[in-house]
Amino acid sequence: MESPRTPQDWNLTPTEAVALQKRLREQLILQPPPGLKVTRLGGADISTEKGNDTGYGGMVVLDAATLQPVARAMAAVPLSFPYVPGLLSFRELPVLEAVWARLTVRPDVLVFDGQGTAHPRRFGIACHGGLLFDLPSIGCAKSLLVGTPGKLAERRGATAPITHKGEVVGMAVRTRQGVSPVYVSPGHRMDLETAVEWVLKASPRYREPETTRHAHRLVNDFRRAGGESAELEEERPG
DNA sequence: GCGACAG
DNA sequence: ATCTTGTCGC
């Protein structure tokens, strides 16, 4: 039997990864928990270097009301899977799994840098990550992997459904007037409407949500510091 | 077979 | 994603 709580084996071939996606997607719940209260929003990202096989991952937790950071965690982990369009989670989640283990303050919703259901097999990194960490998750990408967005107005808050093979798989969302939209889709324990609502709340000023912006800065600083940080030093005995 | 292709 | 400087525009 397979369970999201079962430690996942990351030592897979691309073919095996595709098969696993098809099995895991059956466990997705595309509806938020009844009465979901979001007081903390999380963001996750990883950074890489050219001639280096290390993934520098990080997560940030923001107060959902003020969007101010309240917690963070990082981890540097060797990358064992190449970047293959449609299989991003197999490259990034092993890193984020180590980060998640170090994150003591957990968010109510986690925003991923990539797709949720707007994916060839409806199982983008936000779906896989939400299932793995067992929490509501959202995919918010800067570009499309699959699907065609409808035309959307220029004003902030404008939305247009992303259709793929006759189905709505996500939403193009204009978070800032006159700027290209971001592409939102539910991950796990989430629906499209709630996902769009929170991405807009998290993006009061810039194109990308504050969760993503904070996470992006965190992992870039972490990488440039060579995977060293005061916080990690403290955790190291000796 | 050809083109597209999250990060 | 990363490699990289300046530059156009609000």
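Below, all heavy atoms of this structure are taken into account, side chains as well, without hydrogens, waters or symmetry copies. Numbers restart at 1 for each chain; the letters A, B, ... are given by sequence-line order, proteins then strands.
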Where along nucleotides 1-7 of chain B does protein come under 4.0 Å, by heavy atom, of base (B) or sugar-phosphate alone (S), with - for untouched nucleotides? ----BBB
Determine, step by step, whether A:Ile138 and A:Val184 satisfy the side-chain contact (heavy atoms from CB on, under 4.5 Å) criterion, reporting the C-alpha distance in whole Å, the side-chain angles of both residues, the deciding distance to 0.1 Å, and the verdict. CA-CA 7 Å; A:Ile138 294 170; A:Val184 179; 4.1 Å; yes
Secondary structure of DNA chain B per the Watson-Crick/G-U criterion (both distances under 3.5 Å; [ ] crossing, | other strand, . unpaired) is .......
Would you say the side chain of A:Leu103 lies within less than 4.5 Å of the side chain of A:Arg106, judging by non-hydrogen atoms? yes
A:Arg217 vs A:Asn220 side-chain heavy atoms within contact, under 4.5 Å: no
Walk me through it: do A:Phe90 and A:His128 pass the test side-chain contact (heavy atoms from CB on, under 4.5 Å)? CA-CA 9 Å; A:Phe90 294 89; A:His128 199 162; 3.7 Å; yes
Does any part of the side chain of A:Met190, heavy atoms only, come nearer than 4.5 Å to the side chain of A:Val109, both counted from C-beta? yes
Does the side chain of A:Asn220 get closer than 4.0 angstrom to OP1 or OP2 of C:dT2 through an N or O atom? yes
Compare all side-chain heavy atoms of A:Val219 with those of A:Arg224 and state whether any distance is below 4.5 angstrom. no
According to a 4.5 Å side-chain heavy-atom criterion applied to Ile, Leu, Val, Met, Phe, Trp and Tyr, with indirect links allowed, do A:Val95 and A:Val61 form part of one hydrophobic cluster? yes
Can you check whether A:Met59 reaches A:Leu110 side chain to side chain, under 4.5 Å on heavy atoms? yes
4.5 Å side-chain heavy-atom contact, A:Val60 and A:Glu210: no
Is the shortest side-chain heavy-atom distance between A:Tyr56 and A:Thr54 below 4.5 Å? yes
Report all interatomic pairs (protein N or O, nucleotide N or O of nucleotides 4-10 of chain C) with separations under 3.5 Å.
none

